Amino acid sequence: MHIIIDGYNLIGTLHKDMEEAREGLIDLLISYKNIKNHNITVVFDAYKQGDKYEHSSYRGGIRIIYTRLGQTADDVIKRIISEVRKEWVIITSDRDVVKYTWAVNSIPVSSDVFNDILQRTSRNASADIKDTEEIEDIGDDDIIKRQKGSAYRLSKKHRAVKRILGKL
């Protein structure tokens with residue numbers, strides 16, 4: 001599975017030390033990758049401060065992208081999923097990116113839902129317990145809305161998100 005994460009969207013903005021929060025997220029993602037073995041790219045904004053050029057590096061098997069000055073993580077995510085057409089899993093709560101993700105046949109997952117998965121995986125790994133629990137709550141109702149059709153069949157988008165959550 002190929003996952004792209006909007007880094008600061010997942011971290012949130014309520015941190016005193018954003019660099020420490022960013023490093024903590026990267027460490028958590030490395031642990032997650034070691035357990036699940038997914039291809040993970042995390043994109044961080046350098047919109048207001050940063051370099052003239054986009055920087056990309058690898059740490060612990062995680063691809064880390066820092067956008068160039070004046071560019072948002074949303075722009076980079078949209079560019080990546082447009083250039084390389086495959087079923088990406090995009091971790092963000094940004095409505096514009098969610099809409100674009102569906103348009104290019106990829107699947108968005110809410111940052112809150114993915115954060116819960118990360119925390120649960122981290123706790124289970126440290127306790128050396130396998131997580132066999134089914135994920136029922138897919139989160140953001142704005143992403144998934146009921147469609148016409150059988151009352152017992154989930155919408156196509158709902159089924160896609162549920163399938164991906166089972167793999168995360």
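In this text the structure is predicted, and so the values were computed from the model without any measurement.
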Smallest separation among heavy atoms of [X] and [Y], with atom names:
| X | Y | result |
| --- | --- | --- |
| Ile62 | Leu29 | CD1-O, 3.6 Å |
| Val98 | Pro108 | CG1-CG, 3.8 Å |
| Lys162 | Leu154 | CD-CD1, 4.1 Å |
| Tyr8 | Asp45 | CE1-O, 3.4 Å |
| Lys86 | Ser106 | O-OG, 3.3 Å |
| Ile91 | Ser110 | CG2-O, 4.5 Å |

I'd like to know whether Ser111 forms a side-chain contact (heavy atoms from CB on, under 4.5 Å) with Asp6, so could you lay out the CA-CA distance, the side-chain angles of the two residues, the decisive distance to 0.1 Å, and finally the verdict. CA-CA 8 Å; Ser111 293; Asp6 185 342; 5.8 Å; no
Relative to each other, are the rings of Tyr32 and His38 parallel, tilted or perpendicular (30° and 60° limits)?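 Correct class here is tilted.
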State yes or no: do [X] and [Y] share one hydrophobic cluster built from I, L, V, M, F, W and Y residues joined by side-chain heavy-atom distances below 4.5 Å, directly or via other members?
| X | Y | answer |
| --- | --- | --- |
| Leu28 | Met18 | yes |
| Ile117 | Ile30 | yes |
| Val43 | Leu69 | no |
| Val97 | Ile65 | yes |

Less than 6.0 angstrom from the centroid, inside 45 degrees of the normal: does Lys99 satisfy that with respect to the ring of Trp102?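 The answer is no, since Lys99 fails at least one limit relative to Trp102.
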Nearest 0.5 Å, please: how far is [atom2] in [Y] from [atom1] in [X]?
| X | Y | atom1 | atom2 | answer |
| --- | --- | --- | --- | --- |
| Ile107 | Ile3 | CD1 | CD1 | 11.5 Å |
| Arg59 | Ile26 | CZ | CD1 | 4.5 Å |
| Ile5 | Leu10 | CD1 | CG | 6.0 Å |
| Phe114 | Ser93 | CZ | OG | 12.0 Å |
| Arg85 | Asn105 | CZ | CG | 7.5 Å |
| Asn39 | Lys33 | CG | NZ | 5.5 Å |

Could you walk me through whether Ile11 and Phe44 pass the side-chain contact (heavy atoms from CB on, under 4.5 Å) test, one step at a time? CA-CA 10 Å; Ile11 290 173; Phe44 292 105; 3.9 Å; yes
Residues Arg22, Tyr66; criterion side-chain contact (heavy atoms from CB on, under 4.5 Å); working and verdict: CA-CA 11 Å; Arg22 185 178 61 233; Tyr66 297 96; 3.8 Å; yes
Can a salt bridge be assigned to the pair Arg95 and Asp74 using a cut-off of 4.0 Å between side-chain N and carboxylate O?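 So Arg95 does not pair with Asp74 through a salt bridge.
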For a quick check under 3.5 Å, do Thr72 and Asp75 share a side-chain donor-acceptor pair by atom type? yes
Output all residues satisfying salt bridge (Lys or Arg N to Asp or Glu O under 4.0 Å) with Arg79, sequence neighbours left out; order by chain, then residue number. Glu54, Glu83
Counterpart residues, salt bridge (Lys or Arg N to Asp or Glu O under 4.0 Å), relative to Asp112 (two or more places apart):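 Partners of Asp112 by the salt bridge (Lys or Arg N to Asp or Glu O under 4.0 Å) criterion come out as none, since no residue qualifies.
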Side chains of Thr92 and Tyr100: closer than 4.5 Å at any heavy-atom pair?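 Thr92 does not reach Tyr100 side chain to side chain.
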Could you walk me through whether Met1 and Ile164 pass side-chain contact (heavy atoms from CB on, under 4.5 Å), step by step? CA-CA 9 Å; Met1 187 176 337; Ile164 291 300; 4.1 Å; yes
